[in-house]
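This report refers to the structure that appears directly beneath it.
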Amino acid sequence: MNVIFLGPPGAGKGTHAQKISQEFSIPQISTGDILRQAIKDGTEVGLKAKEYMDAGKLVPDSVVIAIAEQRLKADDCKKGYILDGFPRTVAQAEALDKIADIDFVVDIDVDDEVIVKRLSGRRVCPDCQTVYHVDFEGYSPICAKCGGNVIQRKDDNEDTIRERLSVYAQQTAPLIDYYKKAGKLIVVDGAKPVSEVFADVKKAFEA
Ligand code: ADP
Ligand code: ADP
Ligand code: ZN
């Protein structure tokens, strides 16, 4: 099963990709996570990507497409994968079409105001990438999975969130039509609680 999770920043792509990854034993491929790791490692890609990411802009297609192409060649992708945050432009989707056979595209649909609230309270574990929210029951600044100290991402501030939403509307939202035309689009209501969204996503895979 090769799946894409589409949707604005904060829609819940990472949250649900993590859960699907566990349940179906296929890797979650987050270009955002790969880029953040590259920044941490101080690689050439990281140096190139940092200013775009801090400003809430998209990293250039050539950089991101090369990352995705390389990652999808790995052995663990042979039985399927979940793309989380890639593609984000029509050029990326066209490049992906040349190297992959996508079964489903899940569009997690959520309004802008809900997103600002979600992203302002988002916390992530920098060690294992688990996603949390400060309003969730039992939230703790220590990662429940690996014991790491969870952090707030630099781009999860209101100004950068609004910029990312505008970038999404202009550059990524056209992919909804792109995949609708290809007959691959499944839309789920991302405003519901995580357990309900997750159930809807799984139901969509069975259909
Ligand atoms: P979110 O989950 O909030 O949408 P991501 O972790 O997916 O954020 O992405 C963080 C940042 O990394 C983006 O704002 C962008 O700068 C960069 N990025 C990630 N994926 C891509 C992509 N496919 N194309 C261009 N830039 C990307
Ligand atoms: P994305 O990968 O699309 O940027 P995340 O999965 O990181 O989104 O989710 C953004 C924030 O919203 C996180 O703090 C996450 O815990 C929270 N969240 C995700 N889905 C839901 C939901 N259905 N209801 C409430 N909060 C959610
Ligand atoms: Zn952790």
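Read the numbers this way: they start at 1 and go in the same order the structure lists the ligands and their atoms. Predicted model, so just to flag it, every value in this text is computed and none were measured. Starting from 1, each residue takes its place in the sequence as its number.
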Write out the residue and atom name of the closest protein heavy atom to atom 20 (N) of ligand 1, then the distance separating them to 0.1 Å.
T31 OG1, 2.8 Å
Heavy-atom distance to atom 1 (P) of ligand 2: which of P193, G190, G10, S30 wins?
G10
Do R153 and R123 pass the side-chain contact (heavy atoms from CB on, under 4.5 Å) test, and can you show the C-alpha distance, the side-chain angles, and the key distance before you say yes or no?
CA-CA 7 Å; R153 271 169 48 179; R123 299 293 183 271; over 6 Å; no
In terms of residue, atom name and distance, what is the protein heavy atom nearest to atom 6 (O) of ligand 2?
T15 OG1, 2.6 Å
For ligand 2, which is the ligand I care about here, please tell me if V197 has any N or O atom under 3.5 Å from one of the ligand's N or O atoms.
no
Using distance alone, determine whether L119 and ligand 2 share an N or O pair under 3.5 Å.
no
min-distance protein heavy atom vs atom 23 (N) of ligand 2 -> K192 O, 2.7 Å
Is the Lys NZ or Arg CZ of K19 less than 6.0 Å from the centre of F198's six-membered ring, within 45° of the axis?
yes
Can you find an N/O atom of Y52 closer than 3.5 Å to an N/O atom of ligand 1?
no
Among protein heavy atoms, which lies nearest atom 27 (C) of ligand 2, and at what distance?
R118 NE, 3.6 Å
For the residue pair D112 / Y168, report whether a side-chain donor-acceptor contact shorter than 3.5 Å exists.
no
Nearest atoms (heavy-atom pairs only) where E23 meets K202
OE2-NZ, 2.9 Å
Could you list the atoms of ligand 1 found under 4.0 angstrom from a heavy atom of K13?
4 (O)
Sub-4.0 Å atoms of ligand 1 with respect to non-hydrogen atoms of R122:
2 (O), 3 (O)
T89 and D61: CA distance, side-chain angles, deciding distance, side chain to side chain donor-acceptor pair (under 3.5 Å) verdict:
CA-CA 8 Å; T89 64; D61 284 335; 2.9 Å; yes
Below 4.0 Å, non-hydrogen atoms only: which portion of D61 touches ligand 1? Side chain, backbone, both or neither.
neither
N/O to N/O below 3.5 Å, does that happen between L58 and ligand 1?
no
Test your reading of the model: is there a side-chain donor-acceptor pair from Q18 to the backbone of Q129, 3.5 Å cut-off?
yes
Taking the Zn ion (ligand 3) as the apex, SG on C128 and SG on C125 give an angle, to 10°, of 110°
Sub-4.0 Å atoms of ligand 1 with respect to non-hydrogen atoms of R36:
6 (O), 10 (C)
Within-cut-off N or O pair, R164 and ligand 1, under 3.5 Å
yes
Begin with the C-alpha distance, continue with both residues' side-chain angles, and end with the deciding distance and a verdict on side-chain contact (heavy atoms from CB on, under 4.5 Å) for I20 and M1.
CA-CA 11 Å; I20 293 289; M1 183 172 77; 4.3 Å; yes
Any idea which part of E196 is under 4.0 Å from ligand 2, heavy-atom wise: side chain, backbone, both or neither?
neither
Give a yes/no verdict on whether any heavy atom in P9 is under 4.0 Å from an atom of ligand 2.
yes
For atom 18 (N) of ligand 1, what is the closest protein heavy atom, and at what distance to 0.1 Å?
L35 CD1, 3.6 Å
Close side-chain approach of V150 and V124, heavy atoms under 4.5 Å
no
Tell me, please: is P8 in heavy-atom contact with ligand 2, that is, under 4.0 Å?
yes
Residue selection (non-hydrogen contact nearest atom 5 (P) of ligand 1) among K57, R88, M53, K50:
R88
Could you list which atoms of ligand 1 come closer than 4.0 Å to a heavy atom of Q92?
22 (C), 23 (N), 24 (N), 25 (C)
At what distance is the nearest protein heavy atom to atom 14 (O) of ligand 2, and which residue and atom is it?
Y132 O, 2.8 Å
State whether E113 and R162 are salt-bridged, where the test is any N-O pair (Lys NZ or Arg NE/NH1/NH2 against Asp/Glu carboxylate O) under 4.0 Å.
yes
The answer for which part of F5 has a heavy atom under 4.0 Å from ligand 2 is neither
Quick one: look up the protein heavy atom nearest atom 8 (O) of ligand 1 and list residue, atom name and how far away it is.
R153 NH2, 3.1 Å
Run the numbers on L96 and F86 for side-chain contact (heavy atoms from CB on, under 4.5 Å), then give the verdict.
CA-CA 9 Å; L96 181 65; F86 180 91; 4.1 Å; yes
Does the side chain of D33 come under 3.5 Å of the side chain of Q37 through a donor N or O and an acceptor N or O?
no
Look only at the side chain of S120 and the backbone of V116, and say whether a donor-acceptor pair between them is shorter than 3.5 Å.
yes
Hey, which of I26, I29, N2 is the one that makes side-chain contact (heavy atoms from CB on, under 4.5 Å) with C77?
I29
For the atoms SG of C146 and SG of C143, give the angle they form at the Zn ion (ligand 3), rounded to 10 degrees.
110°
Atoms of ligand 1, numbered as shown, that sit under 4.0 Å from any heavy atom of G85:
20 (N), 21 (C), 22 (C), 23 (N)
